[in-house]
A.B. asks: 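Take this structure first; my questions come after.
Treat the numbers as computed from the prediction; the structure is a model and nothing was measured.
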Amino acid sequence: MQPNFSQSRAFEQIEGAVEWQITGHRRDGTRIISHLIGEEPARAMSVGARDQLLCQLYGALYGNSIEATRQCGNCDEPYDFDFRIADIASSLTEKPQPENVHRKLDDERAELKSGHILRAPTAIDEEAVSAMTVEAAEAALVSRCVDDTNAHSALDPATVAKVMEWLSPIIDLDLTATCPECGFEESLRFSMEHYLVRSLLAERRQLTREMHLLASTYHWGLDQILQLNRQDRRHLAALVEAERFAARGGVL
């Protein structure tokens, strides 16, 4: 059974070391979770549970709403669109049980009417197939995640994909946006992991400045500064800047 993080607040105060190690690599999401709950639990949790935790982390750091500006693909006019991450996450986790599922087992696996037993893929599975082609990776995931010991009929790939998505939905989907000028509807790809990583990377310059301010003021080493949680680091850096501003007579 996947751990329940709905009441956990530990991720609200991530250490600077977590932010510093973000590089834009496709495994950054798992690295972030590893810092929060440990490497082995992070690698063993389902990809859907990982995305739900990343969703909570984004909400704790930036709030639940995402607002963006896009240029219309039809009339070229810019327009704003927004949505709530929690609404997206809820819509995925509240999907009805697929008709070919007989029951959900206590260990979160699904027993199909065909006798197959499926489990959700994990970061370990992702790592194992990461170097393969799409077709080979899909076949390998089926081999790793499907138990056909008691199966009495064939299992098609579409069924596997549907049941896996139901067991562990990842927040990586197409959203629809409508241009208010011309009414043109277009599809927008949204990945929770990618968006969170991109948001943290966008703060790299600010993080570097905060580290410089603290190092030059308190003469702390890099490791000491990165052990500070985000809130404390930013608060201390703001105090340093305020004192420097006051020392210059309020001149920028």
Side-chain angles (χ1 to χ4, degrees), residues 1-5 21-57 88-89 91-175 187 189-198:
M1 181 177 296
Q2 296 298 335
N4 179 9
F5 296 100
Q21 53 91 41
I22 297 297
T23 62
H25 192 276
R26 62 184 177 181
R27 295 179 185 172
D28 274 341
T30 299
R31 289 198 185 111
I32 293 172
I33 303 304
S34 295
H35 277 274
L36 300 176
I37 67 173
E39 182 175 357
E40 289 308 312
R43 295 179 70 240
M45 76 186 326
S46 74
V47 292
R50 179 192 63 200
D51 270 19
Q52 289 291 329
L53 188 51
L54 291 175
C55 180
Q56 293 181 50
L57 176 58
I88 298 295
S91 69
L92 295 175
T93 57
E94 293 172 0
K95 286 186 176 181
Q97 177 175 305
E99 61 180 14
N100 43 20
V101 173
H102 172 56
R103 60 173 177 155
K104 193 173 185 180
L105 304 178
D106 292 339
D107 59 5
E108 300 296 322
R109 295 184 300 166
E111 181 183 347
L112 307 190
K113 295 176 181 178
S114 61
H116 295 87
I117 295 179
L118 274 67
R119 67 169 176 82
T122 66
I124 295 175
D125 297 315
E126 285 186 328
E127 292 170 11
V129 305
S130 61
M132 302 179 183
T133 63
V134 174
E135 294 77 10
E138 290 176 348
L141 279 178
V142 170
S143 177
R144 295 174 68 90
C145 300
V146 177
D147 181 354
D148 60 0
T149 304
N150 298 314
H152 47 75
S153 62
L155 181 64
D156 65 280
T159 296
V160 175
K162 186 175 182 179
V163 174
M164 282 186 175
E165 182 180 355
W166 172 71
L167 278 176
S168 182
I170 61 174
I171 307 176
D172 186 352
L173 69 168
D174 290 318
L175 303 175
S187 181
R189 193 70 183 177
F190 176 74
S191 163
M192 185 69 261
E193 180 178 13
H194 174 74
Y195 198 86
L196 173 61
V197 168
R198 191 175 67 178

A.B. asks: Which value, rounded to the nearest 0.5 Å, describes the distance between Lys104 atom NZ and Gln97 atom CD?
C.D. replies: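 If we round to the nearest 0.5 Å, Lys104:NZ and Gln97:CD are 8.5 Å apart.
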A.B. asks: Which heavy atom in Ala140 sits nearest to a heavy atom in Val129, and how many Å separate them?
C.D. replies: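 In this case the closest contact between Ala140 and Val129 is CB-CG1, 3.6 Å.
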A.B. asks: Looking at every heavy atom in both Gly38 and Pro41, which two are closest together, and how far apart are they?
C.D. replies: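 Of all heavy-atom pairs spanning Gly38 and Pro41, the closest is O-CD, 3.4 Å.
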A.B. asks: Show the nearest heavy-atom pair for residues Ala89 and Cys55, with the distance to one decimal.
C.D. replies: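 Smallest heavy-atom distance, with atoms named: CB-SG, 4.2 Å.
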A.B. asks: Can you pull out every salt bridge (Lys or Arg N to Asp or Glu O under 4.0 Å) where at least one residue sits in residues 137-154? Sequence neighbours excluded, please.
C.D. replies: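 Sorted result for residues 137-154: Asp125-Arg144.
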A.B. asks: Evaluate the side-chain proximity of Met45 to Thr30: yes if any heavy-atom separation is below 4.5 Å, no if none is.
C.D. replies: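 Not touching, per the 4.5 Å side-chain cut-off.
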A.B. asks: How long is the gap from CG on Asp107 to CD1 on Ile117, to the nearest 0.5 Å?
C.D. replies: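 Separation between the atoms: 8.0 Å.
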A.B. asks: Run the numbers on Leu155 and Leu118 for side-chain contact (heavy atoms from CB on, under 4.5 Å), then give the verdict.
C.D. replies: CA-CA 11 Å; Leu155 181 64; Leu118 274 67; 4.2 Å; yes
A.B. asks: Side chains of Leu92 and Leu173: does their closest heavy-atom pair fall under 4.5 Å?
C.D. replies: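 Result yes, sub-4.5 Å side-chain heavy-atom pair found.
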A.B. asks: Determine which pairs satisfy salt bridge (Lys or Arg N to Asp or Glu O under 4.0 Å) with at least one residue from residues 158-171, sequence neighbours left out, and list them in order.
C.D. replies: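 As it turns out, the salt bridge (Lys or Arg N to Asp or Glu O under 4.0 Å) pairs with a partner in residues 158-171, which skip direct neighbours, are Lys95-Glu165.
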A.B. asks: Is there a donor-acceptor pair under 3.5 Å between the side chain of Thr122 and the backbone N or O of Ala44?
C.D. replies: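 Not confirmed, Thr122 side chain does not pair with Ala44 backbone.
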A.B. asks: For the atom pair CD1 (Ile33) and CG (Leu57), what is the distance rounded to the nearest 0.5 Å?
C.D. replies: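 These two atoms lie 6.5 Å from each other.
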A.B. asks: For residues Leu167 and Ala120, report the shortest heavy-atom separation together with the two atoms involved.
C.D. replies: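 Heavy atoms of Leu167 and Ala120 come nearest at CD1-N, 4.0 Å.
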A.B. asks: Checking Lys113 side chain against Glu99 main chain: does a donor-acceptor pair fall under 3.5 Å?
C.D. replies: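 Flag set: sc Lys113 to bb Glu99 pair under 3.5 Å.
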A.B. asks: What is the minimum heavy-atom distance between Met164 and Cys145, and which atoms define it?
C.D. replies: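 The pair with the smallest heavy-atom distance is CE-CB, 3.3 Å.
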A.B. asks: Using side-chain contact (heavy atoms from CB on, under 4.5 Å) as the criterion, point out the one residue from Glu126, Glu127, Arg27, Arg50 that pairs with Arg43.
C.D. replies: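 The side-chain contact (heavy atoms from CB on, under 4.5 Å) with Arg43 is passed solely by Glu127 among Glu126, Glu127, Arg27, Arg50.
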A.B. asks: How long is the gap from OG on Ser114 to NE2 on His102, to the nearest 0.5 Å?
C.D. replies: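 Nearest 0.5 Å value for the OG-NE2 distance: 11.0 Å.
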A.B. asks: Among Gln52, His194, Glu193, find the residue that satisfies the side-chain contact (heavy atoms from CB on, under 4.5 Å) test when tested with Ile171.
C.D. replies: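 Exactly one candidate clears the test, Gln52.
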A.B. asks: For Asp28 and Thr23, indicate whether the former's side chain and the latter's backbone hold a donor-acceptor pair under 3.5 Å.
C.D. replies: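 Checked: pair present.
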A.B. asks: OG/Ser46 to CD1/Ile124 distance, rounded to the nearest 0.5 angstrom?
C.D. replies: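 Going from OG on Ser46 over to CD1 on Ile124, the span is 12.0 Å.
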A.B. asks: Going by heavy atoms in the side chains, are Ile88 and Met192 under 4.5 Å from each other?
C.D. replies: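 Sidechains of Met192 and Ile88: no contact.
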A.B. asks: Starting at CG of Leu196, measure out to CG of Leu53 and round the result to the nearest 0.5 Å.
C.D. replies: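 Separation between the atoms: 10.0 Å.
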A.B. asks: Tell me every residue that passes salt bridge (Lys or Arg N to Asp or Glu O under 4.0 Å) with Arg189, counting only those two or more places apart in sequence or in another chain.
C.D. replies: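 With neighbours one apart ignored, the set is Asp172, Asp174.
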A.B. asks: So, for Gly29 and Val197, which heavy atoms are closest and what is the spacing to 0.1 Å?
C.D. replies: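 Closest approach of Gly29 to Val197, heavy atoms only: N-CG2, 4.5 Å.
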